[in-house]
Enquirer: 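Let me begin by handing over the structure; questions about it come next.
Positions are given from 1, in the same order as the sequence printed here. Keep in mind that the numbers below use all heavy atoms, side chains included, and drop hydrogens, waters and symmetry copies.
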Amino acid sequence: MTRMKSIGAAFAAILLSSVAAHAGDVRIMWYSDGGEGEVIKDLLSRFSKANPDVNVILDEVSYDVVKEQLPVQLEAGQGPDIARLTNLKAPAQHWLDLRPYLTDAKYWEDNFGAQADWMRPDGSNAITGFMTQLTLTGGFVNKTLFEQAGVEIPGPKATWDDWAAAAKKVADSQKVFAMAIDRSGHRVSGPNISYGANYIAADGKPAPIDQGAKEFLSRFVKWNEDGIINKDVWVSAAGTTYRSAAEDFINGGLAYLYSGSWQVSGFAQKIGDNFDWVMAGSPCGSAACTGMQGGAGLVAVKYTKNPKDVAKVMDYLAGADVQKEFAERSLFIPAHKGVAAGQMDFKTDNPHVQAALKAFVEAAGQTAAPAMKLPGWKWSDAYYSAIVARISQVIAGEMKLDDAYARIDEDIKAKVAGN
């Protein structure tokens with residue numbers, strides 16, 4: 001009997017996703033940023049009705065489970081049949097090449113080829129999955145707080161220093177936090193690159209942390225020390241654990257949040273008409289005004305016992321009609337080339353959402369060249385993880401900034417040496 005199972009408890013999902021699949025089973029490890037989990041369940045229920053011989057099991061887990069537990073499973077030769085994640089390149093040796101099992105490989109190349117290198121081993125032409133959406137980092141502004149404080153929202157070419165100064169005025173007036181940035185090495189990489197950072201050396205390996213990165217990270221640490229940035233976001237978690245500052249923004253306690261386009265769906269649901277908010281692109285540094293492109297990909301895992309059934313599920317989810325509906329209902333920027341080129345009818349009557357999505361699409365054209373290289377670079381996650389772990393220690397008062405820079409380089413070198 002066909003069934004689709006959703007599991008809320010992260011621990012249960014870890015156990016379930018490491019269990020070997022039986023004939024006809026296709027187990028998917030899925031995390032959500034907003035309401036996309038409900039959308040994927042609906043779409044998969046239609047697949048299940050049309051394909052009663054394939055038993056789709058959807059394990060819904062937190063992002064931390066995907067980030068921290070999935071790699072352990074993969075190294076043990078286990079895991080789900082399909083997984084949704086953002087760190088796609090580094091573990092690419094664990095992904096299944098779907099090419100021999102797909103109905104039409106050229107369709108995949110034509111519509112998902114631009115991001116195919118993000119999720120396959122270097123030099124390979126494997127088709128391992130597709131991006132469920134494209135994302136871009138950027139700033140969100142509580143427009144209501146700025147208006148109540150009588151502070152003008154900085155313009156499109158405003159610098160990070162301009163935003164910090166303006167947000168502090170709002171915070172002082174309205175008794176809220178001025179700024180927050182998600183606890184993520186990825187999230188601070190756009191600002192780093194805006195000040196001239198380049199993580200990739202000439203030989204393709206990680207370069208030592210450079211002056212461009214130090215220009216922004218030194219500002220970031222000082223803003224935390226001065227109370228301009230809510231330091232709890234970065235010191236309330238340990239190691240490389242991700243923490244979003246979205247809830248602080250949703251609750252109206254934050255003037256400016258630097259996060260990304262994946263938050264739009266959640267903001268639409270949770271903020272409602274409590275206050276007005278806008279997307280404000282990425283502030284400028286001395287070299288650029290760039291965010292980071294990326295997104296979550298859905299990949300097939302090569303340890304599956306049912307590659308043909310996995311390919312059948314992936315073919316269905318990659319279909320143009322399904323891709324269009326998923327993007328429109330989830331309020332995501334589609335990664336499917338054909339869908340993105342057509343008209344989108346995002347399922348919302350919220351003017352903030354429509355404006356934000358339009359602004360993110362426009363801002364994508366400003367992405368700096370060094371930022372464009374990182375999604376398909378093998379060592380991106382090693383760099384991001386080292387930054388978030390060590391800069392958190394500086395903010396917590398456990399380490400000096402110069403020592404953190406040295407430790408970041410050491411952490412990255414150790415990661416490279418171990419692979």
Side-chain angles (χ1 to χ4, degrees), residues 4 6 8 28-48 56 58-63 66 82-86 88 111-112 114-115 118-119 129-138 140 182 242 244 246-247 249-250 259-272 277 279 291-299 313-364 375:
M4 182 170 61
S6 295
I28 304 173
M29 178 184 281
W30 181 274
Y31 84 92
S32 295
D33 287 307
E36 69 268 30
E38 293 303 312
V39 179
I40 200 69
K41 281 188 281 188
D42 184 26
L43 294 171
L44 286 171
S45 70
R46 299 179 208 169
F47 173 88
S48 294
V56 181
L58 187 71
D59 296 331
E60 293 190 272
V61 303
S62 71
Y63 180 76
V66 176
I82 298 171
R84 185 182 192 228
L85 67 161
T86 57
L88 296 157
N111 289 291
F112 300 107
Q115 290 82 38
W118 295 8
M119 58 187 81
F130 61 88
M131 301 301 292
T132 58
Q133 83 272 26
L134 293 181
T135 61
L136 183 70
T137 58
F140 293 95
D182 293 341
Y242 172 74
S244 170
E247 287 301 320
F249 187 78
I250 290 166
S259 188
S261 59
W262 58 91
Q263 301 288 7
V264 171
S265 175
F267 288 174
Q269 293 176 8
K270 297 178 181 179
I271 295 175
W277 55 275
M279 184 271 179
M292 291 284 293
Q293 291 190 19
L298 198 66
V299 293
V313 174
M314 293 291 278
D315 255 336
Y316 165 77
L317 291 174
D321 290 345
V322 174
Q323 285 285 299
K324 185 173 189 294
E325 182 176 347
F326 179 78
E328 290 176 342
R329 292 176 60 186
S330 299
L331 307 180
F332 284 152
I333 301 170
H336 185 290
K337 183 178 179 180
V339 171
Q343 293 294 317
M344 298 296 295
D345 179 21
F346 292 108
K347 304 306 180 184
T348 178
D349 57 2
N350 187 322
H352 304 312
V353 172
Q354 295 281 5
L357 291 171
K358 182 175 183 291
F360 272 114
V361 171
E362 292 174 353

Enquirer: Do the non-hydrogen side-chain atoms of Arg84 and Ile28 ever get within less than 4.5 Å of each other?
Expert: no
Enquirer: Looking at residues at least two apart in the chain, or sitting in another chain, which of them share a ring pair (Phe, Tyr, Trp, His ring centres under 6.0 Å) with Phe326?
Expert: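 Partners of Phe326 under the ring pair (Phe, Tyr, Trp, His ring centres under 6.0 Å) test: Phe332.
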Enquirer: State, with a plain yes or no, whether a side-chain heavy atom of Trp30 is found less than 4.5 Å away from one of Glu36.
Expert: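 Touching, per the 4.5 Å side-chain cut-off.
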Enquirer: Between Thr132 (side chain only) and Leu298 (backbone N and O only), is there a donor and an acceptor less than 3.5 Å apart?
Expert: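 Flag not set: sc Thr132 to bb Leu298 has no pair under 3.5 Å.
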Enquirer: List the steps and the verdict of side chain to side chain contact (heavy atoms under 4.5 Å, CB included) for Thr86 and Val66.
Expert: CA-CA 9 Å; Thr86 57; Val66 176; over 6 Å; no
Enquirer: Looking at side-chain heavy atoms only, is the closest gap between Asn350 and Phe267 below 4.5 Å?
Expert: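 Asn350 does not reach Phe267 side chain to side chain.
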Enquirer: Would you give the length of the straight line joining atom CD1 of Ile82 to atom CG of Asp59, rounded to the nearest 0.5 angstrom?
Expert: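 Separation between the atoms: 11.5 Å.
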Enquirer: Pair Asp182, Tyr242 - check side chain to side chain contact (heavy atoms under 4.5 Å, CB included), show working.
Expert: CA-CA 8 Å; Asp182 293 341; Tyr242 172 74; 3.4 Å; yes
Enquirer: With rounding to the nearest 0.5 angstrom, report the CE to OG distance, Met279 to Ser261.
Expert: 8.0 Å
Enquirer: Taking only Lys NZ, Arg NE, NH1 and NH2, and the carboxylate oxygens of Asp or Glu, determine whether Glu38 and Arg329 approach each other closer than 4.0 Å.
Expert: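 Answer for the salt bridge query: no.
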Enquirer: Can you tell me how far the CE atom of Met119 sits from the CZ atom of Phe130, to the nearest 0.5 Å?
Expert: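 If I round to the nearest 0.5 Å, the distance is 9.0 Å.
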Enquirer: If a pair satisfies salt bridge (charged side-chain N to carboxylate O under 4.0 Å, His left out) and one of its residues is in residues 335-346, list it, with sequence neighbours excluded.
Expert: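 Checked against salt bridge (charged side-chain N to carboxylate O under 4.0 Å, His left out) - neighbours excluded - the pairs reaching residues 335-346 are Asp345-Lys347.
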Enquirer: Testing the basics here: between Leu331 and Leu357, what is the closest heavy-atom pair and its distance to 0.1 Å?
Expert: O-CD2, 3.6 Å
Enquirer: Shortest non-hydrogen contact from His336 to Asn111?
Expert: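 Distance-wise, the nearest heavy atoms are CE1-OD1, 3.0 Å.
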Enquirer: Looking only at non-hydrogen atoms, find the nearest pair between Gln115 and Ala335 and report the distance.
Expert: OE1-O, 3.9 Å
Enquirer: Would you please test Phe346 and Val353 for side chain to side chain contact (heavy atoms under 4.5 Å, CB included) and show each step?
Expert: CA-CA 9 Å; Phe346 292 108; Val353 172; 5.7 Å; no
Enquirer: Phe140 and Ser259: which non-hydrogen atoms are nearest, and at how many Å?
Expert: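 Distance-wise, the nearest heavy atoms are CE1-CB, 4.3 Å.
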Enquirer: Working to the nearest 0.5 Å, report the span between CG of Leu43 and CD of Gln323.
Expert: 9.5 Å
Enquirer: Looking at every non-hydrogen atom in both residues, tell me the closest pair between Trp277 and His352 and how far apart they are.
Expert: O-ND1, 3.4 Å
Enquirer: Over 60° means perpendicular and under 30° means parallel, so classify the ring planes of Phe47 and Tyr316, tilted if in between.
Expert: tilted
Enquirer: What distance separates Glu60 CD from Tyr31 OH, expressed to the nearest 0.5 Å?
Expert: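 Result: 13.0 Å between the selected atoms.
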Enquirer: The test is side chain to side chain contact (heavy atoms under 4.5 Å, CB included); show your working for Val339 and Met344 and say whether it passes.
Expert: CA-CA 8 Å; Val339 171; Met344 298 296 295; 3.7 Å; yes
Enquirer: Would the distance check show the side chain of Thr135 and the main-chain N or O of Gly294 forming a donor-acceptor pair, the cut-off being under 3.5 Å?
Expert: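 At least one qualifying donor-acceptor pair exists.
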Enquirer: Which atom names give the shortest non-hydrogen contact between Ala327 and Pro334, and what distance separates them?
Expert: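 Smallest heavy-atom distance, with atoms named: CB-CB, 3.9 Å.
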Enquirer: Working to the nearest 0.5 Å, report the span between CZ of Phe112 and CH2 of Trp118.
Expert: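 One gets 13.0 Å once the value is rounded to the nearest 0.5 Å.
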Enquirer: Among side-chain atoms of Gln263 and Ser244, is any donor-acceptor pair under 3.5 angstrom?
Expert: yes
